[in-house]
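Predicted, not measured: the structure shown is a model, and the values here were computed from it.
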Amino acid sequence: MFSIDLKKYNLIFTIFYAGILTAIVSLSLTLINAGTDHFYVVSWLRSWLIAFVIVFTCSFFLPSIVRKSLNKVAVIKE
């Protein structure tokens, strides 16, 4: 175990989360669209890389936008 600050922890978490999530989704969609007979690892990796870049980028901007929008319509009950 090693200790890191919260900012680095959040970045590492986001990288792993986006990587795992996009790998599962892109693999599933590639298998559904191409089938197991015509599955190519290169096409899956290309799809995964595109999805990872999009999700990783959005994961920095969307939470604050969603939080601000949600705060306009809902109040946290304490």
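By the ring pair (Phe, Tyr, Trp, His ring centres under 6.0 Å) test, Phe39 pairs with no residue at all, sequence neighbours left out. Residues satisfying the side chain to side chain contact (heavy atoms under 4.5 Å, CB included) test with Leu11, not counting sequence neighbours, are Ile15, Phe56, Phe60. Considering only residues two or more places apart in sequence or on other chains, Ser47 meets the side-chain hydrogen bond (donor to acceptor under 3.5 Å, both in side chains) condition with none of them.
Through side-chain heavy atoms spaced under 4.5 Å, either directly or across other Ile, Leu, Val, Met, Phe, Trp or Tyr residues, Leu70 is tied to Val73. Residue Ile24 belongs to a hydrophobic cluster whose other members are Ile20, with links defined by side-chain heavy atoms closer than 4.5 Å. In this structure, Tyr40 shares a hydrophobic cluster with no other residue, the cluster being traced through Ile, Leu, Val, Met, Phe, Trp and Tyr side chains under 4.5 angstrom apart.
Expressed to the nearest 0.5 Å, how far CD1 of Ile12 lies from CD1 of Ile4 amounts to 4.0 Å. Expressed to the nearest 0.5 Å, how far OG of Ser26 lies from CG of Asn33 amounts to 11.5 Å. Note that CD1 of Ile54 is 10.0 Å distant from OG1 of Thr22, once rounded to the nearest 0.5 Å.
Taking both residues in full, the closest heavy atoms of Pro63 and Cys58 are given as CD-O, 3.8 Å, listed atom of the first, atom of the second, then distance. The two residues Thr57 and Val53 make their nearest non-hydrogen contact at OG1-O, 2.7 Å. Between Ser59 and Thr14, the shortest heavy-atom distance links the atoms OG-CG2, 3.0 Å.
Proximity of a side-chain donor or acceptor of Thr30 to a complementary backbone N or O of Leu27 within less than 3.5 Å is not detected. Using a distance-only test at 3.5 Å, with no hydrogens or angles considered, no donor-acceptor pair links the side chain of Trp44 to the main chain of Leu29.
Residues Val41 and Leu31 are members of one and the same hydrophobic cluster, defined by side-chain heavy-atom contacts under 4.5 angstrom among Ile, Leu, Val, Met, Phe, Trp and Tyr.
In this structure the side chain of Arg46 never reaches within 4.5 angstrom of the side chain of Leu49, judged on heavy atoms.
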